[in-house]
Amino acid sequence: MPDVVFTVDQAKSMRDQAVPGHNRWHPDIPPAVTVRPDTSIRVECREWTDGQIGNNDSANDIRDVDLSGAHMLSGPIAIEGAEPGDLLVVDILDLGPVPQETGDKPGQGWGYTGIFSKENGAGFLTDTFPDAYKAIWDFRGQQATSRHIPGVSYTGITHPGLFGTAPSHELLSRWNARERALIATAPDRVPPLALPPLEESTLAGTATGDVAAAIARDGARTVPARENGGNHDIKNFTRGSRVFYPVHVPGALFSGGDLHFSQGDGEITFCGAIEMGGFIDFHVDLIKGGMETYGVTTNPILMPGNVEPRYSEFVTFIGIGVDHTSDTQLYNDATVAYRNACLNAITYLEKFGYSGPQAYLLLGSAPIEGRVSGVVDIPNACCSLYLPTAIFDDDIRPSAAGPVRKDRGSCAVSS
């Protein structure tokens with residue numbers, strides 16, 4: 001087994017670990033450990049909300065979750081000899097839930113998917129589903145099943161939602177400036193257009209004093225992906241994957257977490273994956289001067305692994321760039337097109353007895369495939385959503401006999 005370079009006691013908050021992690025991006029967060037290039041390491045991770053969500057039948061914890069402290073990241077891990085302009089080469093060797101543990105924290109034999117409320121987090125379909133809902137998933141090997149979405153089981157593509165390198169001071173300043181400019185275009189929007197630095201609930205690793213205060217004042221929130229990597233939420237970022245991260249500061253300062261047991265393309269409910277704590281094994285190395293050599297000037301490069309479920313038959317739903325609520329034609333809007341594909345899939349699953357929230361939770365967590373199918377046939381962009389038929393106990397393919405409608409129970413709802 002690789003050396004464990006960052007340990008997590010799942011019974012404790014990330015703040016109370018022997019070496020705490022962090023929840024902001026900032027170049028001055030001190031490294032928790034330094035490793036050599038060409039080294040294999042194990043990193044243990046907390047669930048991204050630091051254990052706020054429970055294994056129960058209420059979504060009040062989703063509704064009331066405190067997002068000011070997210071995401072809880074393990075690290076930073078400094079790579080000896082890494083310099084700005086290098087590429088950090090990261091191979092994912094293995095990952096999974098908390099090994100040999102069952103308990104009350106996500107990753108200890110179970111995980112969850114949440115629809116976040118419009119006032120606190122929101123999601124891709126928040127105007128249709130503004131309230132909070134939740135599904136608990138039980139793990140059995142690679143399989144996930146849920147008492148909240150019966151009649152479904154599938155093999156997860158286990159992956160980390162979030163890993164990245166630290167930004168330079170200059171890059172951090174650019175992030176904050178451009179995101180504040182976006183917020184200023186509609187400062188009262190719900191949900192907000194972006195999340196600016198927030199001193200409340202900042203965890204700055206082992207930094208203290210003025211350094212910790214500066215990290216709290218200027219540190220970037222971890223919700224979006226940026227030039228350093230970050231919260232990509234790419235479901236195929238799994239075992240066997242190799243990622244080439246730009247290095248912006250000495251040591252690279254590599255951090256991450258937000259482990260997922262499974263996820264569909266888009267993680268559409270905002271907390272659309274099956275969230276968990278657990279472990280991830282990496283091999284790390286460097287390509288000196290790799291950013292210039294390969295023209296990696298903005299975002300990382302990913303070589304996906306070849307480990308994924310073997311689903312060969314799908315029902316595919318299509319969406320176009322039209323606002324159907326007002327019958328408004330949009331120009332090449334792939335976001336609206338994918339949103340419509342998702343809504344079309346939900347309407348279809350409702351014919352089989354699933355509630356809208358159940359179907360929404362399913363599409364966020366199951367290994368669906370989302371594709372940008374066309375962006376040249378003006379004015380309509382076309383996106384498609386591929387839903388595997390084999391994950392259902394019942395046959396969901398269209399036929400002359402019509403859908404088999406059953407009582408599918410209920411997901412967890414908020415009071």
Side-chain angles (χ1 to χ4, degrees), residues 58-65 67 112-135 146 148-149 151-152 186 188-195 223-224 233 263-275 315-330 332-366 368-373 380-387 392 396 403 405 408-415:
S58 169
N60 288 354
D61 48 9
I62 295 288
R63 181 196 64 197
D64 301 331
V65 65
L67 296 176
Y112 71 91
T113 303
I115 297 173
F116 276 44
S117 69
K118 187 171 184 175
E119 287 75 21
N120 189 26
F124 192 50
L125 307 179
T126 195
D127 290 333
T128 305
F129 299 97
D131 300 319
Y133 300 89
K134 183 176 71 178
S146 175
H148 294 131
I149 309 177
V152 173
D188 299 322
R189 183 180 186 271
V190 177
L193 289 171
L195 300 174
V223 170
D233 292 317
Q263 183 201 292
D265 283 335
E267 199 188 11
I268 58 175
T269 74
F270 178 72
C271 188
I274 300 180
E275 306 286 349
V315 175
T316 301
F317 301 89
I318 294 168
I320 58 174
V322 172
D323 182 345
H324 294 296
T325 60
S326 60
D327 203 29
T328 301
Q329 180 69 60
L330 304 172
N332 267 8
D333 195 323
T335 300
V336 169
Y338 192 54
R339 184 176 290 123
N340 284 334
C342 294
L343 290 169
N344 290 341
I346 289 169
T347 299
Y348 184 88
L349 290 173
E350 288 176 330
K351 299 298 184 180
F352 293 82
Y354 292 102
S355 69
Q358 284 178 312
Y360 188 18
L361 288 162
L362 175 61
L363 296 181
S365 58
I368 67 167
E369 297 181 16
R371 301 180 186 178
V372 178
S373 301
N380 271 333
C382 177
C383 289
S384 49
L385 184 157
Y386 289 63
L387 179 63
F392 295 91
I396 67 158
R405 188 178 186 92
R408 308 289 180 176
S410 173
C411 59
V413 302
S414 54
S415 59

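Only heavy atoms go into these numbers, but all of them, side chains included; no hydrogens, no water, no symmetry mates.
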> What are the two closest heavy atoms between Phe116 and Ala122, and how far apart are they?
Replying inline: CB-O, 3.5 Å

>> Are Ser414 and Tyr133 packed together at the side-chain level, in the sense that at least one heavy-atom pair is separated by less than 4.5 angstrom?
In response: no

> Going through the distances and angles, do Leu387 and Tyr348 end up as a side chain to side chain contact (heavy atoms under 4.5 Å, CB included)?
Replying inline: CA-CA 11 Å; Leu387 179 63; Tyr348 184 88; 5.8 Å; no

> Looking at Thr113 and Ser365, what are the two nearest heavy atoms and their distance?
Replying inline: OG1-CB, 3.4 Å

> Minimum heavy-atom separation for Ser415 to Arg63, with atom names?
Replying inline: O-NH1, 2.8 Å

> Below 4.5 Å, heavy atoms only, C-beta onward: do Cys382 and Ser373 meet side chain to side chain?
Replying inline: yes

> How about Phe270 and Thr126: do any of their side-chain heavy atoms sit closer than 4.5 Å?
Replying inline: no

> Roughly how far, to the nearest 0.5 Å, is the CD atom of Glu267 from the CG atom of Asp233?
Replying inline: 4.0 Å

>> Is any side-chain heavy atom of Val65 closer than 4.5 Å to one of Asn120?
In response: yes

>> Return the OG to NE2 distance between Ser355 and His148, rounded to the nearest 0.5 Å.
In response: 11.5 Å

> Rounded to the nearest 0.5 Å, what separation is found between the CG atom of Asn332 and the CD1 atom of Ile320?
Replying inline: 12.0 Å

> Nearest 0.5 Å, what's the CG-CG distance between Asp323 and Asp333?
Replying inline: 9.5 Å

> Are any of the side-chain heavy atoms of Leu361 and Ile115 separated by less than 4.5 Å?
Replying inline: yes

> Can you name the nearest heavy-atom pair linking Ile346 to Phe129, along with the distance?
Replying inline: CD1-CE1, 3.9 Å

> Does NZ or CZ of Arg371 lie under 6.0 Å from the centre of the six-membered ring of Tyr386, at an angle within 45° of the ring axis?
Replying inline: yes

> Any side-chain heavy-atom pair from Cys342 and Leu385 closer than 4.5 angstrom?
Replying inline: yes

>> Apply side chain to side chain contact (heavy atoms under 4.5 Å, CB included) to residues Val322 and Thr328 and explain how you reach the verdict.
In response: CA-CA 6 Å; Val322 172; Thr328 301; over 6 Å; no

> Shortest non-hydrogen contact from Leu362 to Ile149?
Replying inline: N-CD1, 4.0 Å

> Any donor-acceptor pair under 3.5 Å linking the side chain of Glu275 with the backbone of Tyr112?
Replying inline: no

> Are side-chain heavy atoms of Ile396 and Phe352 found at a separation under 4.5 Å?
Replying inline: yes

>> Using every non-hydrogen atom in the two residues, find where Asn340 and Gly319 come nearest and quote the distance to one decimal.
In response: CB-CA, 3.9 Å

>> Using a strict threshold of under 4.0 Å (side-chain N to carboxylate O), is an ion pair present between Lys118 and Asp131?
In response: no

>> A side-chain contact here means heavy atoms from C-beta on lying under 4.5 Å apart; do Leu125 and Tyr360 qualify?
In response: yes

> Any luck finding a side-chain donor-acceptor pair between Asn380 and Gln329 under 3.5 Å?
Replying inline: yes

>> One pair to check against side chain to side chain contact (heavy atoms under 4.5 Å, CB included): Ile368 and Phe317. What are the steps and the verdict?
In response: CA-CA 11 Å; Ile368 67 167; Phe317 301 89; over 6 Å; no

>> Against the six-membered ring of Tyr354, is Arg408 placed for a cation-pi contact (under 6.0 Å from the centre, within 45° of the normal)?
In response: yes

